[in-house]
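The structure under discussion appears below in the form of structure tokens.
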Amino acid sequence: MTDSQVQQAYAARAAEYTAILGAIDDMHELDRSHIERWAEQISGRIIDAGCGPGHWTDFLHRRGADISGIDLVPEFIESARLRFPDVSFQVSTLRRLDAADGSLNGVLAWYSLIHLPPAELPPVLIELARVLSPQGRLLVGFFEGESAEPLDHAVTTAYCWSVDQMSGLLHDAGFEVIEVEKRQDPGNRPHAAICAIVR
């Protein structure tokens with residue numbers, strides 16, 4: 001999937017997506033706890049990379065995080081700015097982040113890497129490592145399954161990753177995995193989250 005294809009697919013359903021999945025109360029309580037705990041360990045600037053409707057960005061902003069949100073989809077950013085006017089949002093691709101080397105202390109990539117074709121994920125992970133300071137923290141949420149297998153996603157093509165494969169890609173990009181969380185909720189695809197720091 002190209003950025004343009006993903007952008008167009010989400011733009012067509014941005015209002016629907018926001019109505020269904022754009023509120024923090026709609027998120028799993030364990031995810032809320034996990035993301036809040038992750039952010040509490042960070043002192044400094046965080047970006048919510050692929051923030052979608054902006055609910056996670058606002059969630060952490062309200063808890064005192066120095067956070068801004070970026071997303072490929074202008075419709076998401078426009079809506080997020082209206083819904084959360086105290087939070088900074090901008091349109092951006094994850095492939096070329098508008099941040100200097102080592103200028104960030106945290107990157108939240110919560111289900112924002114799932115549409116990258118397998119061959120295109122490694123360079124994006126390297127880009128995330130580039131903008132993080134030494135010991136900067138990354139939290140990645142994704143669908144767990146057979147590595148690089150496409151799945152039937154409601155909006156556009158997405159991919160599963162095994163924890164081992166994602167961990168290996170993170171290592172190759174310059175990260176050290178420090179925590180792994182896996183969950184299988186009834187009626188939902190298996191979930192995984194990996195916290196890693198820049199080596």
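Residue numbers count from 1 along this sequence.
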Original post:
Which residues satisfy the side-chain contact (heavy atoms from CB on, under 4.5 Å) test with Ala192, sequence neighbours excluded?
Top reply: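 Ala192: side-chain contact (heavy atoms from CB on, under 4.5 Å) contacts with Phe142, Glu144, Val163, Lys182.
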**OP:** For Ile20, check side-chain contact (heavy atoms from CB on, under 4.5 Å) against everything at least two apart and list the hits.
**Re:**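 Scan of Ile20 (side-chain contact (heavy atoms from CB on, under 4.5 Å), adjacent residues dropped) gives Glu16.
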Can you check whether [X] reaches [Y] side chain to side chain, under 4.5 Å on heavy atoms?
X      : Y      : result
Pro122 : Asp172 : no
Pro53  : Leu21  : no
Leu121 : Met166 : yes
Arg83  : Thr18  : yes
Trp56  : Ile67  : no
Ile42  : Asp66  : no
Pro134 : Val198 : no
His28  : Arg183 : yes

Subject >> Whether Trp110 and His34 hold their rings parallel, tilted or perpendicular, with breakpoints at 30° and 60° >> reply: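 Answer is perpendicular, since the angle exceeds 60°.
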SB check [X] [Y] (cutoff 4.0 Å):
X      : Y      : result
Asp101 : Arg130 : yes
Glu120 : Arg95  : yes
Arg37  : Glu181 : no

Quick one: do [X] and [Y] end up in the same hydrophobic cluster if we chain Ile, Leu, Val, Met, Phe, Trp and Tyr together by side-chain heavy atoms under 4.5 Å apart?
X      : Y      : value
Leu30  : Leu108 : no
Val131 : Val91  : no
Val155 : Leu116 : yes
Val73  : Val124 : yes
Leu113 : Tyr17  : yes

Taking [Y]'s backbone N and O only, do any of them form a donor-acceptor pair with [X]'s side chain (distance below 3.5 Å, no angle check)?
X      : Y      : answer
Gln165 : Ala148 : no
Asn105 : Arg45  : yes
Ser133 : Leu104 : yes
Arg63  : Phe59  : yes

Nearest non-hydrogen partners of [X] and [Y], listed with the distance:
X      : Y      : value
Pro74  : Gln7   : CD-NE2, 3.5 Å
Trp38  : Leu60  : CZ3-CD1, 4.3 Å
Gly22  : His55  : O-CB, 3.4 Å
Gly106 : Leu132 : N-CD2, 3.5 Å
Gly69  : Thr57  : N-CG2, 3.6 Å
Ile46  : Ala65  : CD1-CB, 4.2 Å

Subject >> Residues clustered with Ile197, ILVMFWY side-chain links under 4.5 angstrom >> reply: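 ILVMFWY cluster around Ile197 also holds Ile178.
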If you round to the nearest 0.5 Å, how far is [atom2] of [Y] from [atom1] of [X]?
X      : Y      : atom1 : atom2 : answer
Asp26  : Arg32  : CG    : CZ    : 9.0 Å
Leu72  : Tyr10  : CG    : OH    : 10.5 Å
Trp161 : Glu149 : CH2   : CD    : 10.5 Å
Cys51  : Asp58  : SG    : CG    : 11.0 Å
Asp3   : Leu94  : CG    : CG    : 7.5 Å

**OP:** Taking the six-membered ring for Trp and the full ring for Phe, Tyr or His, determine whether the centres of Tyr111 and His153 are under 6.0 Å apart.
**Re:**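 Judged by ring-centre distance (under 6.0 Å), Tyr111 and His153 do not meet the cut-off.
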**OP:** Start with the C-alpha gap between Ser4 and Gln8, add the side-chain angles, then the distance that decides, and say whether side chain to side chain donor-acceptor pair (under 3.5 Å) holds.
**Re:** CA-CA 6 Å; Ser4 178; Gln8 290 174 18; 3.1 Å; yes
Is it the case that over 12 heavy atoms from other parts of the model lie below 6.0 angstrom from the [atom1] atom of [X]?
X      : atom1 : answer
Gln184 : CD    : yes
Glu179 : CD    : yes
Arg199 : CZ    : yes

Original post:
For His191 and Asp185, what are the C-alpha separation, side-chain angles and deciding distance, and is it a side-chain contact (heavy atoms from CB on, under 4.5 Å)?
Top reply: CA-CA 8 Å; His191 156 86; Asp185 300 321; 5.6 Å; no
**OP:** From the options Ile70, Asp48, Ile77, Asp71, select the one residue that forms a side chain to side chain contact (heavy atoms under 4.5 Å, CB included) with Phe89.
**Re:**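 Option passing the side chain to side chain contact (heavy atoms under 4.5 Å, CB included) with Phe89: Ile77.
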**OP:** Start with the C-alpha gap between Ile114 and Leu151, add the side-chain angles, then the distance that decides, and say whether side-chain contact (heavy atoms from CB on, under 4.5 Å) holds.
**Re:** CA-CA 10 Å; Ile114 61 172; Leu151 55 87; over 6 Å; no
**OP:** Give the intermediate values and the outcome of side-chain contact (heavy atoms from CB on, under 4.5 Å) for residues Cys195 and Arg137.
**Re:** CA-CA 7 Å; Cys195 179; Arg137 289 177 176 263; 3.8 Å; yes
**OP:** Go through the steps for Leu128 and Leu97 under the test side-chain contact (heavy atoms from CB on, under 4.5 Å), then give the verdict.
**Re:** CA-CA 8 Å; Leu128 299 182; Leu97 296 172; 3.7 Å; yes
Original post:
Hey, mind stepping through Asp98 and Ser92 against side chain to side chain donor-acceptor pair (under 3.5 Å) and telling me if it holds?
Top reply: CA-CA 8 Å; Asp98 184 18; Ser92 177; over 6 Å; no
